Amino acid sequence: MAPSWRRVACRAPSCVHHAVWRSEQQRILTFVRTFSGVELPFKSREEERMVKTTLHELGAKREDMKLSLKVYHFQELSRSSIRDAILERDGRYVSLKKELRENVKQLSPAQLVAAMVSCGRLSIREKQMWWDLARAVEHHTVKTKSGMPGLQHSQISLVLHALGKANVKIKERFYYRMLKLLIQNAEIWTEFDMAWILYGMRKRRLRPCNFEKKEHQLWAQVLRIVAAFFRQKLHFISPKGIVCILYEFAHHGIFPGGFTLFRATRRIRRNLDTLNQRALLWLAVLLARFDWPELRLLKKYSAELRQAHRVARMHPQNMVVILHAYARLGIRDVELLKVFTFELMKANKESLGGKYFTMLAYSLGKLGVRGPLWKELSEGLSEKIDFLAPLDLALIAHSFGKAKPDCEKALAGAFSDAALVSMAGFTPKLLACLLDGFTLAGCLREDVFFAAMEEYIRHGSIGGRQRQQMMSRVLFSVMLERKHMLEGVSPAWEPLLSRIHHAPVDAPPRPYHRELQTCAAALSLKARRRRKGPYMVDLYVPVEAHVPHEGTFPANLFTVSALAVHLLAEAEFCPLSGELLGPTRLRRRHLLHMECQHVGLRRKEWLSRPDTEARITDLEALLVKHVPLRRRPISMVEAFLDWLWTPEEFQLDPVPLMTPELFPEEYQEEMTWGTYRPGIYFGVKGRHEKSFLFGLMWGSLDGKLLRHECESGQLRAFNWQEHDGRNYGFQRIEDEKLGHELKTIFVKEDSKKWHVRINTTTLGASAKAIVLFPYLGIEATSRLQVDEDSDWRQDSQSRSLKISGVDPVAGPFDARLTFRRAKEQGKLHHVSAYIQPDEADASQSTGVWDAKRNLQKFLSKTKRPRLPDSDETGTANWMAFQLASNTSLQVDFHVDFRVSRRILDANAESRLLEDAMKSKSEDFKTQMSEVFERDRTQRFKSEFNELNDGRTSGSKGKADEADEAPSELERREALHLAVASLLGGLGVFRGRLLVKTSETSLQRLPKKVLFTAVPSRSFFPRGFLWDEGFHGLILCRWHPRIFFDVLAHWLELQEPSGWIPREVPLGSEQEIRVPQQFLPQDPDIANPPSLLLPLVWLLDADDELVESLARQSKMSSTDFKHLVLSFSEKAFPRLTRWYAWLERSQRSDHRASCFRWKGRTAAHCLASGLDDYPRGLYVNSDECHLDLHSWMLFFARKPGMTPQSSVNFVEASPTRVSRTAAKLRLRLRCAMLNLTSQKWSTRVAKLNQTLFEVFFQGEILADFIGRQPVSKVGTKTTILVTPPWRSDGRCGPQFPAEAGTPGECDPYGGAACCSPSGWCGGSADFCDCPGCRRFQRLEERAQRAKTASVHSPHLGYVSLFPLVLGHLPCDHPMAQRLIAALQPPSRGSHKAGELWSRYGVLSLSSKDPLFRSGEDYWRGKIWANLNYLTISALQRCESEQAATAFRSLKSGFVATVLRTLKRQRFLMENFDPKTGEGRGAAPFAGWTSLVALLAESHSVKRQEAASEVTGSDERSEEGRSDL
């Protein structure tokens, strides 16, 4: 035996004499040399010695050997590489297994665990042995005499791991008992326990899918516990353990949360070099499964994989798996691709059999890799062709087509034959993939095409967007290149052929398209962006004369009449060779058939040029050989006409806005029905008066809990997940108290037929019985009745009722109400009655809408809380139904107003509902991706990581609490929820508004109707003027006509004086939820004209944006321009009247022309929208408020119809009216208004001058607040800003104020009196009792402090208005001071700007003495609307300082909103400046939904509030000269 082997022999124990030990070892070695047993495949000489020695011991001393020693030898054998199937050739091993199985009950717990682990290592497949071992484990755990388990939790986890490794199927009862024991000690689990438990559950496929079973409830509980403890103990788990647990999470389909994954990947990144090969492989797989492209981790991961020692020891299959992960993530790491493709070229091709061959082809195709490796794959394809499944064939074909290697023969021959033979096994998706691959590769055979198309048509599935695009590309290619193949096809092909020209939705114009057109204009080219066939050409350049094509095709085959210039993305090139890939080559081929020559520029290189002149040079070099060019200098954009109106001199009579010209019949019919009852959890009604309505209530079985109206804090969540504002909405409601989740769906087939579906499912084992109360009603003396053919069988799980009625406007209708339950339980109860319609507008009035009160009245008539099953047939205008369930329950409601068609049976209507729901849901997601989700994910994550690395934020929050980066899926779902919640908050309200006519009298105005979005469905389910302007920023992008609809309703609320109410509770349903003190509206109180923001944004839209918005509205660009300008023209008189009222009613007594908010008190300024933002302790009539003056100046510069808009109207109107008539109209308007440009310029200049004169404080512009209390110490004057009252409602000497004086009560609130016990109140108990004291308002007191005329010392949102509304140029010193206040802390410094926080822009400076004081509403908290305006303004500024603040604030605020939504399950009203937690009303889907605009990549391009206009020079010149 070799000396090296002899040196590895067992060492002698110290207690044994050396000579005796030496003799014994010599005897063993002699036996091993002469061993003549079965030959075993040993891995090494050491392993051979160990196995043969162990087997010898078993043969020589087996009879006298103790059981523990046998277990030890069994363990020794399991440590070798030889498995059970080979060791069974030796009889001694067989005898050992038999003896262990027979004596399994005598094994101690430790021996039993050792035996099971050894069985798992040896891969023993004998079920009987495993069953015996499992029973023994149960005997030591569950069935012990003492009741205490004999195995520790780690041992039980190890047992589960061993069972998983052996892949033996043990009954679920065993796992249930073991896991039930394990969760009792969950707090002491280690990383190994968590990994072993997850592994064992995965191998046994224990996944919770049926929560009615207790076993599945336990599986879910274990997974939740593991996830929770993983988050808690993450810092104590080794990097390999983190990878292992995340790998198991990925296989279980559990996402641990963006924050947890972010922390885990950061920990892994820092310790990447400590991972072994298997852990590195797991890491790639889990990142792909989680779709988590952590760029910094992947960069370091790639560098680690490229190390020589890693590559040398890596199996080719592992390389393929890693490439597959990169392909799924969409990451093209060039260096890694070079290394791996080179190694795979050298690898043994036999090792890439089976699925690895397909994975490699898919990865190379997805990553766009061309090269010699494809030749190797095509050669190996012929050998494996007979073993490939349809899935493999489809993926390989598509991969060949994407990469477009020169291997067409490999696909056109045997591969096509194989696909033809197995055609019956292809699904529609695989067929589309196969055909698309052949089309991209240019080797589509006719027989394969016809066979695949017939199979595709036989399946009858249209599929999703991606499949439709592939089939459209295939059919368009066949029609263009081989049209004869489509001649004489069967009529069944017509639906597919009709979609040939249905190109993908146009990609929205990007900023570089504008740059490209600028360069083309500089070269004197009449070029534009346009569609050509199914493609969008970035720059379409017509060629005057037909010229032969200069390319690879013969010149006599093709002529070209235009050039198609494309800016090619990097994804269109091979990352290794730089060659064009298959889709781009196909596009070039198609364009050539359409007489367009494709020419391309690499977009990244072209945009990296230093300036526009260099980019013009590149474009000139590309086109000079194709078209004649004449280069000219870049000219400035033509200035706006200096033309405006003067409302003081002349006012136009308002005209109706709701006209058929602006809102055609098709639109009005489409918007007739909707979820226009935002104040309740789910309700549907029409926009007309006294319409038919449907609603939902639910509650507990005992009747003590009944939910109907939206209430904050009662439910875990209730949010619209999807809603398009017109035809579809999907809402998820989580009732944690009852333990049920409700899903409500509203979908319209067309304007006269709509469906409702309500689903309930349990949330867990603690779910209680739930009772649903769907109800119907008509707010008129109409009737509802249940038809006789309704199915009322009480022994059925599905019941269907047919209902008929008459809507006062929509006419007669048929409806079907269907109930479906998982199990039969309970009975269906109902009631129908006549409810007096609501005619009055008083908060005590009720009607059909007040379903909760109506229902409670009927429930109180029975002993049990159930409906009395009573009918008032013939007179009922209200119906309610009651059905209870402990499990799942489904309610479908279908309504059809088409008199000519009858309602179908329940199953048919449900199928129509499901089809419409799927289609509308897909349309919603598509529109979201077009409007809001434009390649945002990577940049958002980069900004977020940069923020958390301290590059912009400086320091981190406690325990990384604020560092949770949302995943792409979470971000997308959050943006969907934000937009859907705003659209789902659209409501129609009708009634007579209550207004103040004097201090003591009230009056109701004539009946009005308002169509608007609500800020909060729970707190503020009514219209607010200040909020609606910010809602419009979303609406005008989503569907401009809906925005015009909303704006028209608000403008038609205008009174003859020009006043528009700021808060509009219309009708009893709204008034009943408004506190009495806020119900009457004061006609002297204004609100910011924020409705101008979206209107100005539409008027300032450039051609590309107009084209995109026109597509959104399904209109041509010309018609869209006509709509915008026609609406502006009709709204113009009302806007002038509104401005005139603001100028007249809000004018200050100051000698200069400035404005102040009427109705301000020392504590509040509700008119401004910034309720408790500090202004001044004393209220003065000569105050000038900076925010109102900024709004007025913005209103003046941006009227309802700008002169440039008029010019655009003339140019856009040839199809509507003649240009001569349009110009005549423009001249008549100018003459009628009797305005001159010089006069209006003087007026605007005066407002600018006032801005810089009255509001100038020294460093910034600030409120002029008149005479305020001051204190002087020497020459220093300090403004007193702290009020003498406390914010906690306490008063008196025992509760002093901040200044040390006895605490007072707030005289401006409802509790101005102090009781002797030190409490503030407003009743007689506080004001009229002995010792009580009433405090006067500050301005009414006889003894007043020393005063002086001052400016506001506060820095906050009000200070930002000149910047965000565009009155301060970014390079102005005052603007620089404001930008400095928004700066994040620099690297290595903790000092940040006063208004900066890691969560967004603070409403009040953090250094202000009133920061977070009093009500703390607008005194430090972070609000979405002002953050949006501020971030938009910062993006327009070109300084590095502004760019830094923009990146930091944008990333921080977006992350805060998304993180809060994830944690608190709602969009919140505002956010805490210290923790980022959501505060205020919830849900608040009003202006907080602006996060959707900030999260999109181009959202703040040339935004509403501060777009540069003519007069920007004049607005600052005078101010600068005065300064």
Side-chain angles (χ1 to χ4, degrees), residues 675 677 680-684 693-711 714-718 729-746 755-763 767-777 784 786 790-794 796-801 803 815-832 850-859 862 864-869 878-895 906 909-910 913:
T675 56
R677 303 180 67 194
I680 66 174
Y681 289 113
F682 183 66
V684 180
L693 58 85
F694 174 88
L696 172 68
M697 289 179 284
W698 75 92
S700 58
L701 197 59
D702 57 7
K704 295 181 180 179
L705 183 65
L706 191 61
R707 305 199 191 280
H708 182 231
E709 297 173 348
C710 297
E711 297 178 83
Q714 298 297 314
L715 298 179
R716 185 181 179 188
F718 60 96
F730 164 56
Q731 180 183 212
R732 180 178 284 113
I733 304 172
E734 297 180 35
D735 193 334
E736 200 169 22
K737 189 171 183 179
L738 291 177
H740 282 263
E741 181 187 66
L742 288 81
K743 297 178 180 178
T744 65
I745 298 167
F746 167 74
H755 308 270
V756 164
R757 169 164 289 178
I758 303 162
N759 267 328
T760 70
T761 55
T762 57
L763 288 175
K768 303 177 183 178
I770 189 173
V771 185
L772 293 188
F773 297 96
Y775 65 90
L776 328 171
L784 293 169
V786 178
S790 299
D791 183 6
W792 285 90
R793 292 175 297 166
Q794 296 294 335
S796 173
Q797 295 180 4
S798 176
R799 298 167 192 159
S800 178
L801 292 76
I803 303 168
R816 186 173 292 280
L817 187 64
T818 305
F819 301 88
R820 292 184 176 89
R821 290 180 294 191
K823 295 181 180 179
E824 173 58 25
Q825 51 191 9
K827 293 184 178 181
L828 174 66
H829 303 282
H830 78 289
V831 65
S832 59
D850 198 359
K852 186 174 182 179
R853 185 179 299 185
N854 298 334
L855 187 72
Q856 288 173 337
K857 180 179 66 174
F858 287 106
L859 291 177
T862 58
R864 293 182 178 180
R866 66 177 179 82
L867 295 178
D869 292 324
W878 187 81
M879 286 184 176
F881 305 88
Q882 177 183 5
L883 191 64
S885 177
N886 289 323
T887 55
S888 60
L889 182 62
Q890 178 177 302
V891 178
D892 286 352
F893 184 62
H894 320 279
V895 185
E909 291 292 348
S910 295
L913 185 155

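From a predicted model like this one, the values you see are computed outputs, not experimental measurements.
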Considering non-hydrogen atoms only, spot the tightest contact between [X] and [Y] and give its length.
X	Y	value
E741	L763	CB-CD2, 3.7 Å
V771	S700	CG2-O, 3.8 Å
L913	V756	CD1-O, 3.7 Å
R707	L715	NE-CD2, 3.4 Å
G739	A767	O-CB, 3.1 Å
H740	T762	CE1-CG2, 3.7 Å

Residues which pass side-chain hydrogen bond (donor to acceptor under 3.5 Å, both in side chains) with [X], listed by chain and number, not counting sequence neighbours:
X	answer
Y775	R677, H708
R757	D892, E914
T675	H723
E909	K753

For the residue pair [X] and [Y], establish whether any side-chain heavy-atom pair is separated by less than 4.5 Å.
X	Y	answer
D735	I770	no
N759	S888	no
H755	S910	no
K768	L701	no
L742	L772	yes

Can you list everything that forms a side chain to side chain contact (heavy atoms under 4.5 Å, CB included) with K857? Sequence neighbours excluded, please.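 Listed in chain order: I835.
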Mind checking what makes side chain to side chain contact (heavy atoms under 4.5 Å, CB included) contact with Q731, not counting sequence neighbours?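 Partners of Q731 by the side chain to side chain contact (heavy atoms under 4.5 Å, CB included) criterion, ordered by chain and then number, come out as F682, F718, W720, I733, T744, R1017.
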Find the distance between [atom1] ([X]) and [atom2] ([Y]) and round it off to the nearest 0.5 Å.
X	Y	atom1	atom2	answer
L801	L817	CG	CG	6.0 Å
L776	L784	CG	CG	6.0 Å
Q890	R820	CD	CZ	5.5 Å
F730	I745	CZ	CD1	6.0 Å

Does F694 have any ring pair (Phe, Tyr, Trp, His ring centres under 6.0 Å) partners at least two apart in sequence or in another chain, and if so, which?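 F694 satisfies ring pair (Phe, Tyr, Trp, His ring centres under 6.0 Å) with F893 once adjacent residues are dropped.
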In terms of the angle between their ring planes, are W878 and F858 parallel, tilted or perpendicular, with boundaries placed at 30° and 60°?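 Parallel, since the angle between the ring planes stays under 30°.
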Start with the C-alpha distance between L706 and K852, add both sets of side-chain angles, then the distance that settles side-chain contact (heavy atoms from CB on, under 4.5 Å), and finish with yes or no. CA-CA 8 Å; L706 191 61; K852 186 174 182 179; 3.9 Å; yes
Using salt bridge (Lys or Arg N to Asp or Glu O under 4.0 Å) as the criterion, list what pairs up with E711, not counting sequence neighbours. none
Go through the steps for I758 and W698 under the test side-chain contact (heavy atoms from CB on, under 4.5 Å), then give the verdict. CA-CA 11 Å; I758 303 162; W698 75 92; over 6 Å; no
